[in-house]
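Some notes on the structure that comes next.
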Protein chains: 2
Amino acid sequence: MTTGTEKKPSRIQLRNRHRILDAALNVFSQHGYRGATLDLVAKEAGISKPNILYYFSGKEEIHVTLLNQLMETWLDPLIEMDASGDPMTELLAYVQRKLDMARDLPRESRLFANEILQGAPRMGPHLASDLKPLFDEKCALIETWIHEGKLAKVDPRHLIFSIWSTTQHYADFEAQIDVLMPKRAKEDGATDYLNAMFTKLLSP
Amino acid sequence: MTTGTEKKPSRIQLRNRHRILDAALNVFSQHGYRGATLDLVAKEAGISKPNILYYFSGKEEIHVTLLNQLMETWLDPLIEMDASGDPMTELLAYVQRKLDMARDLPRESRLFANEILQGAPRMGPHLASDLKPLFDEKCALIETWIHEGKLAKVDPRHLIFSIWSTTQHYADFEAQIDVLMPKRAKEDGATDYLNAMFTKLLSP
DNA sequence: TAGGTTTTTTACCACTTGGTAAATACACGA
DNA sequence: TCGTGTATTTACCAAGTGGTAAAAAACCTA
C-alpha cells in the first residue's frame with residue numbers, strides 16, 4: 001500500500017516550488033526565520049505572495065521544508081566516513097567534504113548556522129533524533145581507531161566540533177574573511193591549512 | 001576644548017540605558033537585526049517602548065551602540081598578544097582568552113556571528129578600519145615568529161581563522177552542542193582539546 | 001474548441017512594527 | 001514645598017506583516 005494520496009506534481013508545480021525554495025533559502029539564510037518576510041521571498045522568486053501561499057501553506061512550512069532538505073545534505077559527509085577505510089584518510093576526506101560543502105553550499109551553511117544561533121527552535125528534535133545517533137556512532141568509531149593506535153589520542157567529540165567549526169567558518173563568516181583576505185588566497189589556502197592541521201593533530 | 005555638548009547623564013539614565021542595552025543584547029543576539037523587535041526589547045527590559053525611544057533615537061541606534069561596544073571587547077584579546085613574549089605561550093594564551101570569552105560572553109559572540117552572517121551590513125566599515133589593521137599586524141608578528149623558527153610553518157591568516165572558529169563555536173553553536181554532549185564534559189574538555197591541538201600544530 | 005482544472009491575480013484583512021505627540025508623573029535642588 | 005527640568009505613560013499612526021477569498025487567466029485534454 002503506497003501513500004497514494006498526492007498525485008504527482010505537474011511541471012509547473014515542480015518549477016515554482018523549486019523557485020520559491022531557492023529564493024527562500026537566500027532570504028532565510030541571510031535574515032534568519034524572524035527576519036525573513038514572505039514579501040522578500042516573493043520578490044526574489046518573482047512570484048506573487050498569494051501565489052507562493054498557493055504552493056506552501058505558510059512561512060513556517062517553507063522554512064521547515066528547507067530545514068528538512070538541509071538535514072540530509074548536512075549529515076551526508078559524516079555518514080560517508082567509513083569504518084573499513086584507513087582512519088587518517090577517512091578523517092581527512094571528511095574534512096575535505098565539509099570544506100567543499102562550505103564552498104559549494106554557503107547558503108545552506110548559513111541557514112543552519114542561523115537556526116542553531118537562534119537556539120534551534122525548529123531543528124532541535126531533528127538534531128536529537130538524526131544527528132545525535134550518527135554523532136555517537138562516529139565518535140565510537142574514532143575511539144576505536146584511537147585504541148588501535150591508528151590515531152593520536154584526542155576527544156572525538158571535540159575533534160568533530162573542530163572540524164565542523166573550521167570548515168563552516170569559511171561559509172558562515174565569509175563577510176569577515178572577504179574584508180581580511182584577498183579573495184584569491186582563500187580557496188586553496190584553507191584546504192592546505194586544514195589538511196596540515198588535522199594531519200598533525202591526528203598523527204599518532 | 002573638550003566635547004562639552006552633552007551634560008553628564010543622571011543615575012536613572014545610566015541605569016535605564018544599561019537595562020535597555022542588556023535586553024537588546026538578548027534580543028538582537030538571538031534573532032538578528034531584522035528579527036528583533038522593539039516590543040521584545042521593551043518587554044525584556046521592563047521599560048515601555050516609547051520610553052526606550054526616549055533614551056535611544058531608534059532601533060538602529062541601539063544596534064549600532066551594541067556593535068560599537070562589542071568591537072572593543074572583541075579586539076582586546078588579539079591586541080594583548082605581545083610581540084615580546086614567548087610565541088607559543090602567547091598564542092596559547094590567546095586561544096584561552098578567546099575560549100573564556102565564548103564562555104563568559106556568549107551573547108556578544110552570537111551578536112557578532114549574526115551580524116557577519118547577514119553580510120556585516122552595519123559592521124563592514126568597522127571591520128575594515130579597526131580589525132583589518134590589527135589582523136595584518138598580528139599576522140606579520142606570527143610570520144616573524146615562524147621565520148625565527150619559534151613556530152611551525154603555517155599560514156597566519158588561516159591560523160587565526162581556526163582559532164576564532166574553534167573557540168567561538170562553543171558559544172555560537174551551543175544549542176547543537178547541548179544536544180550532542182552532556183553539559184559536564186563541555187567546559188574542561190574544550191580547553192584541554194584546543195590546547196593540545198594548537199600546541200601540536202604550532203610546535204616547530 | 002469546449003470544458004473543467006490548475007495557476008495567478010486582485011483586493012482585501014487583522015495584527016505587528018518602528019516611531020511620534022502630547023499629556024502626565026516624578027525627582028530634586030532652591 | 002515649590003517650581004522646573006526629567007522621566008514615563010497614553011493614545012496614536014503609517015507602513016509592513018502573514019494570510020485569505022474569490023475572481024480571472026492560463027492550461028490541458030477530450
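A, B, ... follow the sequence lines: proteins, then strands. Residue 1 opens every chain.
For B:Q13 and D:dT6, the shortest distance from a side-chain N or O to OP1 or OP2 is not below 4.0 Å. Contact annotation: A:N16 side-chain N/O to C:dT8 OP1/OP2 distance is under 4.0 Å. Taking side-chain N and O atoms only, A:Y54 has a distance below 4.0 Å to OP1 or OP2 of C:dT7.
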Practice task
Go through the steps for B:F198 and B:M88 under the test side-chain contact (heavy atoms from CB on, under 4.5 Å), then give the verdict.
Solution key: CA-CA 9 Å; B:F198 286 108; B:M88 182 66 82; over 6 Å; no
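Closest to the side chain of B:K49, out of C:dG19, D:dA7, C:dT7, is C:dG19. Among the nucleotides D:dT9, D:dG19, C:dT17, the one closest to the side chain of B:S48 is D:dT9. Among the nucleotides D:dG18, C:dT17, D:dT8, the one closest to any side-chain atom of B:Y55 is D:dT8.
Remark: B:W74 engages B:F112 in a ring pair (Phe, Tyr, Trp, His ring centres under 6.0 Å) (not counting sequence neighbours). Residues that satisfy the salt bridge (charged side-chain N to carboxylate O under 4.0 Å, His left out) test with B:R107, not counting sequence neighbours, are B:D22. Taking B:D39 as the reference, B:K49 meet the salt bridge (charged side-chain N to carboxylate O under 4.0 Å, His left out) condition, with sequence neighbours excluded. The salt bridge (charged side-chain N to carboxylate O under 4.0 Å, His left out) search around A:K153 returns none, not counting sequence neighbours. In this structure, the ring pair (Phe, Tyr, Trp, His ring centres under 6.0 Å) partners of A:F28, at least two apart in sequence or on a different chain, are A:Y33, A:H63.
Between B:L40 atom CG and C:dG19 atom P there is a gap of 15 Å when expressed in whole angstrom units. Following rounding to the nearest Å, A:N51 (CG) and D:dA26 (C1') show an atom-to-atom distance of 12 Å. Computed from coordinates, the A:I52 CD1 to D:dT17 P distance equals 13 Å when rounded to whole Å. Computed from coordinates, the B:L53 CG to D:dC12 P distance equals 19 Å when rounded to whole Å. Look at CG on A:L14: it is 15 Å from C1' on C:dT6, rounded to the nearest Å. The nearest whole Å value for the distance from the CG atom in A:D39 to the C1' atom in C:dT16 is 13 Å. In this entry the distance linking CD1 of A:I20 with C1' of C:dT8 reads 12 Å, nearest Å. A straight line from NE2 of B:H63 to C1' of C:dT17 spans 17 Å, rounded to a whole angstrom.
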Got a list of protein N/O to nucleotides 21-28 of chain C N/O distances below 3.5 Å?
none

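Pairs passing the salt bridge (charged side-chain N to carboxylate O under 4.0 Å, His left out) check and including a residue from residues 73-92 of chain B, sequence neighbours excluded, read B:E80-B:R97. Each salt bridge (charged side-chain N to carboxylate O under 4.0 Å, His left out) pair with one or both residues in residues 121-137 of chain A, not counting sequence neighbours, appears once here: A:E60-A:R122, A:K132-A:D136.
Here the closest heavy-atom approach between residue A:Y94 and residue A:P77 is recorded as CD1-O, 3.4 Å.
At the heavy-atom level, A:F56 lies nowhere under 4.0 Å from the strands shown.
Here the straight-line distance linking atom CD1 of A:I20 with atom OG1 of A:T65 works out to 10.5 Å at 0.5 Å rounding.
The base of C:dG19 has none of its N or O atoms less than 3.5 Å from a complementary donor or acceptor on the side chain of B:K59.
At a non-hydrogen distance threshold of 4.0 Å, B:R34 from residues 27-38 of chain B come into contact with DNA chain D.
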